[in-house]
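Presented below is the structure to which this report refers.
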Amino acid sequence: MTKPVASQALSSLVLALTLLVVGSSLWGFWRFQQGQLLSDFGAFYCAGRLAGQGLDPYRQEPMYSCESEPASPLLARATGHVTDPAPLPPYALALFVPLSRLPLEQAALLWTTLLAAAWTAIAFVLRALTGYRWGALLAAIAFAAMMSLSLGQIAPLAIALICIAALLLERGRAPWAGIACAAATVEPHVALPVCAAIFIAAPRSRFSIIGGGLVLLALTMLFGFDRNVEYLRGALPAHALSDVADVGQYSLTVLVHAMGFPDALAERAGSIWYAIAAIAGIATACALKRRGYSAAAIALVPMAFAVFGGPYVHWNQVVGAIPAALLMLRAQPRAAALQVAAIVGLAIPWLYVVGWGFLIPGAAAIAGILAWQLLEPPLCNEAVVVAATFCALLFVNHALAHTGPAPPFVANVPRDAWADLSWGAYVRSRIPIGTGIYLWLHLPTWAALAATIGVAVRAATRRSAPTP
């Protein structure tokens, strides 16, 4: 569709105003987070430092002592014996060993630059794969980039590498795609189904995936066989159980917990669901390839399935479904309204927007940008989308019980306990999921994920060919 000149001018004006509103919300977020920035990176940094020294990075001590060391006033530091765990396999912690040789402030700056480069790569890859305008692409990843940068999360690296693998597959460079996919396993539960799908659907990638796996195996063995056994048999299950009640989770595990079932059963349900979703994602990606869809779907579709309901899924991983949603919208425009709604649902962290309040104008603006750029509705419809989103979020925010700051929390755990034990105690005391409005605020994200994978499954099983 081509808009008249007057409509294009109006679109530019609206885009400029909405970007101003989004920028204001982002600035408010950064001010709000001062003193709490890069908490996850602090955990990775300490784990890398301890692993490099031959110490145990999965225990309460020495992790807490490292995380509580004085640092820049902007950066988070551990208090109250609450340790932020680093539940990554030894080969992923190896990435942080060189960074840990630097002072924390310098390492944090370098890591933030790397994450910013990852989001830049994601935007450029999505532009190359879908051809959508920059306004839509930047709106789709704005909140995801902001929140992952503030935490120092590792998920953007995995998402960027998988997006790069998708572009390489699209351009017929399967061996390089295999290398990118193998590197993406720094976030294993996000990348492993993708690697399996590429291995099956792109035979020329198999040697590089196997080679990448052997490199990672050699790297992880540098930390000793016992450390790997400890991670698989102790640290990983401990972390899964510690985060069962976390309000920030979007897994089937947290839903089963909220329904009142035992934690062990909730964790098991999430693990079983993850296996089912991973297999379904691989099968869907292979079917899409056979039906003539973009080869990029081989990488992007399994990533969307992988973040739908597994045992440990936070919003920083959920946004990995956005590339698949955009790709399927381009290939299957018939259900455009549903797919754009799903992209809006994935692009906005409803739980945090409502809880913090000052992000509400930015969320409404992003919903407007995505609707305007992807659907090109009449101006009155666009105004309704923005106004309705703003009013609904504002109403729910005012319905929350706003209380004063809670007293400091102090965890009481043994020094040799898993670091996840103190984190789990903090979660259950301060940020449990419960059964109230915060649980219901997960529904837009879950619905968006379901719609995204539903469109992919329908495209893989229907008889009609993809739209060129």
Side-chain angles (χ1 to χ4, degrees), residues 36 38-51 55-69 76-93 95-96 151-155 186-190 220 223 226-258 261-271 274 310-317 409-433:
Q36 299 298 322
L38 299 178
S39 58
D40 284 343
F41 172 71
F44 300 148
Y45 174 89
C46 283
R49 186 168 85 179
L50 297 174
L55 301 175
D56 194 335
Y58 301 122
R59 301 286 178 175
Q60 174 73 6
E61 289 292 350
M63 274 292 282
Y64 178 76
S65 294
C66 178
E67 291 183 21
S68 60
E69 291 177 0
R77 52 181 290 215
T79 59
H81 298 286
V82 177
T83 302
D84 195 346
L88 297 176
Y91 69 80
L93 293 182
L95 172 66
F96 297 94
L151 291 170
Q153 259 288 345
I154 199 170
V186 291
E187 189 84 308
H189 64 298
V190 174
T220 200
F223 298 97
D226 291 344
R227 184 74 72 227
N228 288 272
V229 172
E230 178 191 37
Y231 170 74
L232 292 173
R233 298 185 62 181
L236 190 59
H239 186 71
L241 287 173
S242 74
D243 222 41
V244 163
D246 191 346
V247 71
Q249 269 224 63
Y250 289 84
S251 62
L252 180 64
T253 295
V254 80
L255 179 59
V256 174
H257 165 83
F261 290 96
D263 288 354
L265 178 60
E267 190 278 330
R268 193 173 301 117
S271 298
Y274 172 77
Y312 182 74
V313 179
H314 288 257
W315 193 71
N316 285 300
Q317 286 93 31
F409 176 83
V410 178
N412 183 19
V413 299
R415 291 173 57 88
D416 63 346
W418 301 115
D420 312 82
L421 191 61
S422 63
W423 173 251
Y426 175 78
V427 165
R428 285 167 170 77
S429 173
R430 292 296 168 86
I431 51 173
I433 181 87

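Side chains are part of it too, since the values below use all heavy atoms of this structure and drop only hydrogens, waters and symmetry mates.
Shown here for Val254 and Ala245, the closest heavy-atom pair between the two residues is CG2-C, 4.3 Å. Contact between Val256 and Ala266 at its shortest, heavy atoms only, is CG1-CA, 3.7 Å. Across all their heavy atoms, Glu69 and Arg49 have their closest contact at OE2-NH2, 2.8 Å. Shown here for Ala417 and Leu421, the closest heavy-atom pair between the two residues is CB-CD2, 3.7 Å. What you find for Ala78 and Ser68 is that their closest heavy atoms are O-CB, 3.5 Å. The nearest pair of heavy atoms linking Leu88 to Val186 is CD2-O, 3.7 Å.
For the pair Glu61/Thr83, no side-chain contact is recorded, criterion being any heavy-atom separation below 4.5 Å from C-beta on. Using a 4.5 Å heavy-atom threshold, the side chains of Leu50 and Met63 count as touching. Looking only at side-chain heavy atoms (C-beta outward), Tyr64 and Val413 stay at 4.5 Å or farther from each other. The side-chain heavy atoms of His189 and Gln317, taken from C-beta on, include a pair separated by under 4.5 Å. Between Val82 and Trp423, the closest side-chain pair of non-hydrogen atoms falls below 4.5 Å.
Heavy-atom contacts from other residues, nucleotides or ligands closer than 6.0 Å to CZ of Arg430 number more than 12.
One N or O on the side chain of Asn228 and one on the backbone of Thr220 form a donor-acceptor pair closer than 3.5 Å. No donor-acceptor pair closer than 3.5 Å links the side chain of Ser39 to the backbone N or O of Ala76. For His314 (side chain) and Gly248 (main-chain N/O), a donor-acceptor pair under 3.5 Å exists by modelled atom type. At distances below 3.5 Å, at least one donor-acceptor pair connects side-chain atoms of Glu67 with backbone N or O atoms of Asp84.
With rounding to the nearest 0.5 angstrom, the CD atom of Gln60 is 9.5 Å from the CG atom of Asp420. Note that OH of Tyr250 and CG of Leu255 are 13.0 Å apart. Values are rounded to the nearest 0.5 Å. Between the CD1 atom of Ile154 and the CG atom of Asn316 there is a distance of 11.5 Å, given to the nearest 0.5 Å. Separating the CG atom in Leu241 from the NE2 atom in His257 is a distance of 11.5 Å, to the nearest 0.5 Å. The CG atom of Leu151 lies 5.0 Å from the CG atom of Asp40; values are rounded to the nearest 0.5 Å. Rounded to the nearest 0.5 Å, atoms CZ (Arg77) and CG (Leu38) are 15.5 Å apart.
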Practice task
Determine, stepwise, if the pair Glu267 / Ser271 fulfils side-chain hydrogen bond (donor to acceptor under 3.5 Å, both in side chains).
Solution key: CA-CA 6 Å; Glu267 190 278 330; Ser271 298; 2.9 Å; yes
Practice task
Evaluate the criterion side-chain contact (heavy atoms from CB on, under 4.5 Å) for residue pair Arg227 and Leu93; output intermediate values, then yes/no.
Solution key: CA-CA 12 Å; Arg227 184 74 72 227; Leu93 293 182; over 6 Å; no
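Using bins of under 30°, 30° to 60° and over 60° for the plane-to-plane angle, the ring pair Phe409/Tyr426 lands in the perpendicular bin. Taking the six-membered ring where the residue is Trp, Tyr312 and His239 present perpendicular rings, their angle passing 60° and hence far from 30°.
For the ring-ring contact (aromatic ring centres under 6.0 Å, His included) with Tyr58, the lone residue among Phe223, Tyr231, Trp418 that qualifies is Tyr231.
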